[in-house]
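Heads up: the structure comes next, in structure tokens.
Note that the structure is predicted; figures quoted are calculated from it, not measured. Computed from heavy atoms alone, side chains included, the values below leave out hydrogens, waters and symmetry copies. Read the numbers this way: they start at 1 and go in the same order the structure lists the ligands and their atoms.
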Amino acid sequence: MSASTVRVICTTLLIEKSPQALPLGAACISSAVKNYQPLKDLIEVSLKAFCLEDKDFPKDTNTAAEYIAQKLIETAGRNGNDGSGGQTGFAIFCFSCFVWNVVIMEAASKILREKGFVCIAGGPEITAHPSFYKGFDYTVSGEGEITVPSLIQKILQSEKSDKVIISKSPDLSLIYSPYLDGIIDPSEYEGALWELARGCPFKCAYCYESKGEKTVRLFPMERIKAELELFARKKVPQVFVLDPTYNVNKKRAVELLRLIAAKTPNTFYYFEARAEFIDRELAREFTRIPCALQIGLQSANEEVLKLVNRPWDKKKFIRGIGVLNEEGVTFGLDLIYGLPGESFGTFREGVDFAVSMLPNNLEIFCLSVLPGTELGDRASALGLEYESQPPYHVIKTKQLSKDDMERARKLAAACSYFYNAGRAVTWFNSVCRVLKIKPSKFFEIFYQKNSEICEAACDCQCNHTDIEKVQLNFLKGLFNERGLGKYLKALEDIVKFYGAISRTTDTGKSETLLLNYNADYVASDYASDIRYFCENVKPQKCKIQTFMNKGGADFKYIK
Ligand code: SF4
């Protein structure tokens, strides 16, 4: 590093260490700055990401800000402005700000500015309200690939610039890929976030896109192919596709799925999809690669969805989900509580409807009223009370009291533990039918009896064998309480069998099980109706071992 070059450090604070939290925004800006011809030979760019989960990352905001500022100074290898007017001590920091990190980022920026450094901020939180954050020298709203490099050029040439800059959207065929550019190595993150398009044709009121351009811009196919080849070379294990409208253009979606199957057949892909646009041909293409779809339902009440500009065609939705289930495509659903017009009753109906669709996982989030979104503008008219600081969670609505919001949160925690982490999709609806209770009621009862476990649990950290023990213990108590003890032997077999199969799928490790019933019946469709199973299948003890074969996890009888 030459002493006369100016260091430009693109930085962000990640919420967790996972490929989903990879610092893509900061990496895109690094790439754009690095490749901007007028700055060649004048600057050196690097990317420095922090993570809330880092062992030594401080817990309180002020110490965290000091920590970030100090580390950035060390990375820059500069001491700040030496007061001589020269730029030997000079560096520029570009902060990528999200709702969860903006307070710390702004505090770090203030420390750096006091030492004579220049701080630029961008990212979704700044895009939403660029004039609000005064702790940076410059704020850039929108995509920064054109604006930030030219702003840096102006700063270096001591030219005047607006403090708040609204970016123009770049032509996606002209911007550089941070993966192909070597700015970010997906192997380090054990996965990649993969941008296929920018923009969204929909206008959900709670989303930053609600005020964005309605046009969708696509990344060119040559870049997509080159990135896929890089993922193949690096043996990237998983890729999260960033395209909220992936399957709206079916022709392109099919073309890309075929390309993925050809180039990275062993990589696991996560897509966001719209159920209404799924047909059999597309569903079959999804089955040709290892993948899972996440589908935003948000509410199952049409009036509620209309209030947030998310018109919903229930029939088409059910048809699309039906095709996914018939073709064996793994998918999850999302719901939101705290939406305007949603009562606790309609929220529960949404949970019951969602579970009836047999999602592999059901993610239930609290609504965030993000400043700068259409919902942010309409919040008071709609009677939404929400936190004044990030993450701007709804506190209460006209229809949901604070107590209702707390009930919804607890229900979400129970669903996350029992259904998602407990991998209960195969047998959960059948259990509810035997108990004659709705899924939402089941989750509430589970929370009442296991509140500590639900509060402490996190999907990714729980050991499934331990969860299974909690599930069986709870089910045993509930079935006995309700005089349904005669179903327990079959239920125990079904829970244990599908649990072991899912763990073998995950780890490749065999497990041995003693069952009360013949395993062929436990593995059959009979198991989806516990009452019918018990009435028609005779107990027959057996011992089995699970194992992995080419088609996935299977089992064999052993002595
Ligand atoms: S929530 Fe998704 S579908 Fe709705 S506007 Fe935002 S990006 Fe588009």
Is it true that Glu444 and Arg348 make a salt bridge, defined as a side-chain N closer than 4.0 Å to a carboxylate O?
-> yes
The expected count of protein N/O/S atoms at less than 2.8 Å from atom 6 (Fe) of ligand 1 is 1
Give the numbers and elements of all ligand 1 atoms closer than 4.0 Å to a heavy atom of Arg274.
-> 3 (S)
Charged N to carboxylate O below 4.0 Å: is that the case for Glu227 and Arg223?
-> yes
Aromatic contact, Phe95 with Phe136 (centres under 6.0 Å) | yes
Just by distance, with hydrogens left out, do Glu374 and Asn309 show a side-chain donor and acceptor under 3.5 Å apart?
-> yes
Scan for side-chain hydrogen bond (donor to acceptor under 3.5 Å, both in side chains) pairs involving residues 265-277, sequence neighbours excluded, and state none if there are none.
-> Thr264-Tyr269
Any salt bridge between Glu143 and Arg198, counting N to O under 4.0 Å?
-> yes
